[in-house]
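Everything below concerns the one structure shown next.
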Number of protein chains: 2
Amino acid sequence: MGVIEKVAKSRLRQTTDVVETPLVPRVDQLPVDRIIQQDCIEAMRALPAACVDMIFADPPYNLQLGGDLNRPDGSHVDAVTDEWDKFDSLNAYDAFTRLWLAEARRILKPNGTIWVIGSYHNIFKVGSAIQDLGFWILNDIIWRKANPMPNFKGTRFTNAHETLIWASMGEKAKYTFNYRSMKTLNDELQMRSDWEFPICGGQERLKKNGTKVHPTQKPEALLYRVMLACTKPGDIVLDPFFGTGTTGAVAKRLRRHWIGIEREDSYVEAAQERIDAALPLDESAVTTMQAPRQAPRVAFGVLLENGYLSPGAVLSDAKRRWRAVVGVDGNLRSDCGNAGSIHKLGATLQGAPSCNGWTFWHHETAEGLKPIDSLRQTYLLATQP
Amino acid sequence: MGVIEKVAKSRLRQTTDVVETPLVPRVDQLPVDRIIQQDCIEAMRALPAACVDMIFADPPYNLQLGGDLNRPDGSHVDAVTDEWDKFDSLNAYDAFTRLWLAEARRILKPNGTIWVIGSYHNIFKVGSAIQDLGFWILNDIIWRKANPMPNFKGTRFTNAHETLIWASMGEKAKYTFNYRSMKTLNDELQMRSDWEFPICGGQERLKKNGTKVHPTQKPEALLYRVMLACTKPGDIVLDPFFGTGTTGAVAKRLRRHWIGIEREDSYVEAAQERIDAALPLDESAVTTMQAPRQAPRVAFGVLLENGYLSPGAVLSDAKRRWRAVVGVDGNLRSDCGNAGSIHKLGATLQGAPSCNGWTFWHHETAEGLKPIDSLRQTYLLATQP
DNA sequence: CTGAGATTTGAATCGCTAT
DNA sequence: CATAGCGATTCAAATCTCA
């Protein structure tokens, strides 16, 4: 195999995974980046085995609402009364859950993961089925709603969260988890299992003639975090209950492939329009969000050696509380005389036990202060194939 | 039945529920305020049906139940190593869960509630069984740990919460929920389904020779909130997995009766010591935390009879959208000809299914419009001792 | 245009009692 | 068991209205 071929193969590996095993279908053999208008179980049956990297599912919750509900001021609460959320019994819901989960398992790659979101009405049935089918639960995640609907009658606790289950194909599976991305996203603290987001509203909420297109549209921020945490650019994310296509819009933005399955005309139409309008992030931005750990380690000194930063340069933290001068060996020295590595000095100045110097220290650019991590990213982009 | 008897019965009903039905055993016929050292299923079997007001359960989380674990057919489950055993063990855990939950259901009063705490390892199995057995889930509650153990390997999200399920005996059950207590506790905002507490440590954590007595001792704050929300003083709270007796200690403090079931010598001993040392709150303190007393009902007509309002007076809603004239019998008649009670007319005019006339209708005063409820308050102040 | 105040709304298993 | 009467009950965010 010549050099050219090697490079080509290596590029393929990075973007599509098609050479992972000959049994895995290639991206161009799959209906990616489009909506399949069909029942989700039938549509999944038509797909080959082990073909997607992630499944994100927001199935019907099987709410069992009584009569009408009015707020204390007399106004009416617009409840989820759609046909797609009606099941004959708890057993019928259970059976439906196990059917679609079994198909999901079949089309998921061995190292893929599944995410399912739900509330107390259905999530225990979902989680139980997931375990019975052989999936291995990695975390349950709590979406804490910043602005939940109150309990108007004062009969229970405000239902202020929903639950997501994240599971791999089995205990030994080598799933993707971009630990560094999550830690960076969370201000250099490990990302916890409880996430706070507002419910979907404002500009993001799809409306037609002033009324919401879908009763349960999920916030993009939620999908963004899920995909950033557990997929790589070029991965295929399938959503069997596509609705208005939040999964597709975020996947396109993050340069992941997506497959959406949805039956309802009105949802399909709205989703397609929305995704067409979504803009993919700049490729470099997506790369930056990937885990630095997988990238080769770069010592700070390497940036000096390669001219990305010069000895004598002045760095400061994001709020310009501290300044430090870069020494020839890559050590920093602060105004007050402390010295050390980028990490050590950051920790010392803040009185913290540790500090990520890459994100703590900033350098002056034409567009203002930027973390020195961006220099490392630039360096990696320039030097990696 | 004479008046005295009626009063006596009414008082009994408030404090102990023993006269609710003759089938319910009296407190003095039950092994309350002590620990039963026995297997939890056997111990529950020895109790009469419908005898406790709440069950709080903190069952084993993991699947390594060792000797405790038997298959539905009675055969023993050995150590779990390979995939088959895992599946087998999951089934065994499921069976165990359904067994103890079925007994729990039998001994719970019709209007009692059950709380179960767990993590993603077991909570889906527990919740699924709870639903299958006919319980009606009221809320799932998230305990957000203020100081969770980090994920040391950086392989997943920090497991920073546990889940509690709160369920009644059925959809129609009249469970206890001290809404006002919860709202007061939460700074006059509705209590949400996500609660933040630190994990149990410091003085509260039971230790012997420097090592913790129990690996998963729950914080008293958690039990405090659960009991304050869903029981009344004098109620009986049973804990089938008593451990070091957090449930008993908090029950004693809040003047609830408790029954603890625990097998292990070391836990029983530690729990007994701990509960003996716990001090019940002053009775008035416990009473104060209950919901504010029901004000005696006052019919609208009483205000007319006593001259607080005169027939012919004109009432309106806060925004003066509607006006109505008070009739001699306490009925209202609006400008447009509708008539009815203060509640009925308010509802009719707004096109709402119901309306609280006391707060909807206002009367003119020197300081502007005031709800007629203020007249009721004035009347009550003048007539109540 | 801006800010203050009013209005709207969101996956909701949402009342109790007497007749 | 159905119906009617009484009367208790909401939080945060986005949008709209108006001075």
Side-chain angles (χ1 to χ4, degrees), chain A residues 58-82 84-85 87 90 93 117-123 143 145-163 196-205 207 210-212 214-219 241 243, chain B residues 131 135-140 166-168 170-175 177 179-180 183 186-193 291-292 294-295 297-300 318-319 330 340-347 352-361 371-373 376:
Chain A
D58 180 11
Y61 287 9
N62 189 30
L63 300 185
Q64 316 233 328
L65 307 180
D68 279 4
L69 180 62
N70 291 84
R71 299 186 176 81
D73 66 5
S75 64
H76 186 252
V77 175
D78 185 18
V80 178
T81 52
D82 306 69
W84 49 254
D85 196 42
F87 293 85
L90 188 58
Y93 184 80
I117 183 169
S119 67
Y120 68 85
H121 309 85
N122 71 325
I123 199 67
W143 168 25
K145 300 183 183 182
N147 49 346
M149 180 158 54
N151 180 293
F152 296 114
K153 303 292 186 193
T155 56
R156 305 178 179 189
F157 299 98
T158 305
N159 204 355
H161 74 274
E162 292 189 24
T163 301
E196 176 161 335
F197 298 111
I199 56 182
C200 183
Q203 293 298 317
E204 190 186 327
R205 187 86 193 209
K207 302 216 169 146
T211 58
K212 53 189 178 196
H214 195 284
T216 69
Q217 187 182 335
K218 296 293 174 285
F241 307 96
Chain B
Q131 289 182 304
F135 288 105
W136 191 250
I137 298 182
L138 298 166
N139 277 116
D140 61 335
W166 175 39
S168 70
E171 186 176 358
K172 305 290 184 197
K174 294 194 181 79
Y175 55 89
F177 179 55
Y179 176 73
R180 287 296 330 168
K183 192 164 175 175
N186 196 37
D187 226 6
E188 286 308 308
L189 287 181
Q190 279 193 342
M191 187 69 79
R192 296 169 42 118
S193 57
Q294 300 279 109
R297 267 184 56 177
V298 177
F300 180 61
K319 291 176 191 165
S341 71
I342 54 172
H343 310 295
K344 188 69 175 282
L345 183 61
S354 66
C355 166
N356 182 345
W358 290 107
T359 52
F360 176 76
W361 292 108
I372 57 176
D373 194 41
R376 179 168 64 159

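Note that these values count all heavy atoms, side chains included, but never hydrogens, waters or copies made by symmetry. Please read these numbers as outputs of a predicted model, since none were measured by experiment. Letters A, B, ... are given to chains in the order of the sequence lines, protein chains preceding strands, and every chain is numbered from 1.
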Rounded distance in Å - CH2 (A/Trp143) to P (C/dA11): 7 Å

Roughly how many Å apart are D/dG5 and C/dT13, using the P atom of each and rounding to a whole number? 29 Å

Can you name the nearest heavy-atom pair linking A/Leu90 to B/Gln131, along with the distance? CD2-CB, 3.6 Å

C1' atom, D/dT17 versus C/dC1: distance in rounded Å? 15 Å

Tightest non-hydrogen contact, residues A/Lys218 and A/Asp58, listed as NZ-OD2, 3.1 Å

Touch class at under 4.0 angstrom, heavy-atom based, for A/Gly67 against every strand present: base

Using atom CD of A/Gln64 as one end and atom P of C/dA12 as the other, report the distance to the nearest whole Å. 15 Å

Would A/Ser119 and A/His121 count as having a side-chain donor-acceptor pair, cut-off 3.5 Å? yes

Over all strands shown, is A/Pro59 touching base, sugar-phosphate only, or nothing at heavy-atom distances under 4.0 angstrom? base

Length of the line joining B/Phe177:CZ and D/dA8:C1', which is rounded to integer Å: 14 Å

Using a 4.0 Å heavy-atom cut-off, does A/Thr216 contact any base of the nucleic acid, only the sugar-phosphate backbone, or nothing at all? base

Could you state the interatomic distance from CD1 (B/Ile137) to CD (B/Glu171), rounded to the nearest 0.5 Å? 12.5 Å

How would nucleotides 9-19 of chain D be written as a contact map, 5' to 3', with B for base contact, S for sugar-phosphate-only contact and - for no contact, using protein heavy atoms under 4.0 Å? BBBSSSS----

Check whether any side-chain N or O of A/Lys212 sits under 4.0 Å from OP1 or OP2 of C/dG10, and answer yes or no. yes

Per the O4'-C1'-N9-C4 / O4'-C1'-N1-C2 angle with a 90° window around 0, C/dT7 comes out anti

Suppose we call a contact any N or O donor and acceptor under 3.5 Å apart; does that hold for the side chain of A/Lys218 and the base of C/dA11? yes

Nearest-Å distance, CG (B/Leu138) to P (C/dC14)? 10 Å

With a 4.0 Å limit, can you tell me whether B/Lys344 has a side-chain N or O closer than that to the phosphate oxygens OP1/OP2 of D/dC6? no

Please, what dot-bracket string fits DNA chain C when only Watson-Crick and G-U pairs with both distances under 3.5 Å count, crossing ones use [ ] and pairs to another strand use |? .|||||||||....|||||

For nucleotides C/dA11 and C/dT7, find the distance between their C1' atoms and express it as a whole number of Å. 23 Å

Just checking B/Asp140: base, sugar-phosphate only, or nothing, at a heavy-atom cut-off of under 4.0 Å? nothing

Should the ring pair A/His214 and A/Trp84 be called parallel, tilted or perpendicular, given that the plane angle runs from 0 to 90° and is split at 30 and 60? parallel

Go nucleotide by nucleotide along DNA chain C from the 5' end; which of B/Asn139 and A/Ser75 gets its closest nucleotide reached first? A/Ser75

Report the distance from atom CH2 of B/Trp166 to atom C1' of C/dC14, rounded to the nearest whole Å. 11 Å

Rounding to an integer number of Å, can you tell me how far B/Trp358 CH2 sits from D/dG7 P? 7 Å

I'd like to know whether A/Met149 forms a side chain to side chain contact (heavy atoms under 4.5 Å, CB included) with A/Ile199, so could you lay out the CA-CA distance, the side-chain angles of the two residues, the decisive distance to 0.1 Å, and finally the verdict. CA-CA 10 Å; A/Met149 180 158 54; A/Ile199 56 182; over 6 Å; no

Distance in angstrom units between A/Asp78 CG and C/dT8 C1', rounded: 12 Å

Give a yes/no answer on whether the side chain of B/His343 brings an N or O atom under 4.0 Å of OP1 or OP2 in D/dC6. no

Pick the C1' atom in C/dG10 and in D/dT10, then give their distance to the nearest Å. 12 Å

For DNA chain C, whose closest nucleotide is more 5', that of A/Ile199 or that of A/His121? A/Ile199

Should B/Lys172 be listed as having a side-chain N or O under 4.0 Å from OP1 or OP2 of C/dC14? no

